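Quantities reported herein were computed from a predicted structural model and do not represent experimental measurements. Count residues from 1 along the sequence.
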Amino acid sequence: MALTLPITPLTTRLAGPARDLAHRLAGLARRSARPQAPAAPDLPLAQRLHVPLLFEAPEQALCARIVAHHAALAAEHRWDPLLSALVEADQARAAAPGGQ
């Protein structure tokens, strides 16, 4: 049988990383031993998510109000107020908050 001598510099250099590895593995073992959160019920995605939506954008609501007002003026044959409202909006370069 061959006699091997210990390599002291190598064992000294490996002691620190081996100790760090042992601590990390112990931490992983502790974490995996913790009780896991209960699994989510097997529901369809549409029932698990709640995403609030606007049915009508503010720009669309503003545009609809203006169109309704102008249509009412036209239906009453009030052409002068309608023309002045259109000219005023055009000259002011009026736009909805979203740029429309």
Side-chain angles (χ1 to χ4, degrees):
M1 193 171 194
L3 180 64
T4 58
L5 298 173
I7 304 172
T8 323
L10 181 63
T11 55
T12 305
R13 283 188 313 196
L14 293 178
R19 196 172 33 252
D20 292 342
L21 180 61
H23 285 296
R24 288 181 184 172
L25 290 175
L28 287 174
R30 280 192 301 270
R31 273 187 249 138
S32 65
R34 292 180 188 156
Q36 299 295 325
D42 203 14
L43 296 173
L45 184 62
Q47 292 178 1
R48 287 184 284 156
L49 293 178
H50 173 70
V51 180
L53 299 174
L54 284 175
F55 290 107
E56 186 177 39
E59 293 85 10
Q60 289 175 326
L62 178 62
C63 184
R65 282 197 312 269
I66 292 170
V67 168
H69 175 68
H70 291 173
L73 289 175
E76 296 171 1
H77 298 287
R78 296 179 57 202
W79 305 114
D80 289 336
L82 176 59
L83 182 61
S84 64
L86 291 173
V87 168
E88 180 183 332
D90 184 49
Q91 288 177 349
R93 299 284 187 234
Q100 293 181 350

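For the side chain to side chain donor-acceptor pair (under 3.5 Å) test, no residue two or more places apart in sequence or in another chain qualifies with Gln91. For Pro58, the side-chain contact (heavy atoms from CB on, under 4.5 Å) test picks out Leu54, with sequence neighbours left out. When the side-chain contact (heavy atoms from CB on, under 4.5 Å) test is applied to Ala71, no partner is found at least two apart in sequence or on another chain.
Applying the ring-ring contact (aromatic ring centres under 6.0 Å, His included) definition to pairs two or more places apart or across chains, those involving residues 76-95 are His77-Trp79. For residues 44-76, no residue pair satisfies the ring-ring contact (aromatic ring centres under 6.0 Å, His included) rule, not counting sequence neighbours. Residue pairs that meet the salt bridge (Lys or Arg N to Asp or Glu O under 4.0 Å) test with at least one member in residues 16-25, sequence neighbours left out, do not exist here.
When every heavy atom of Leu82 is checked against every heavy atom of Ala74, the shortest pair comes out as CD2-CB, 4.0 Å.
Atom CG of Leu83 and atom CG of Leu73 lie 11.0 Å apart (nearest 0.5 Å).
In this structure, Gln47 places its CD atom where more than 12 heavy-atom neighbours from other residues, nucleotides or ligands lie under 6.0 Å away.
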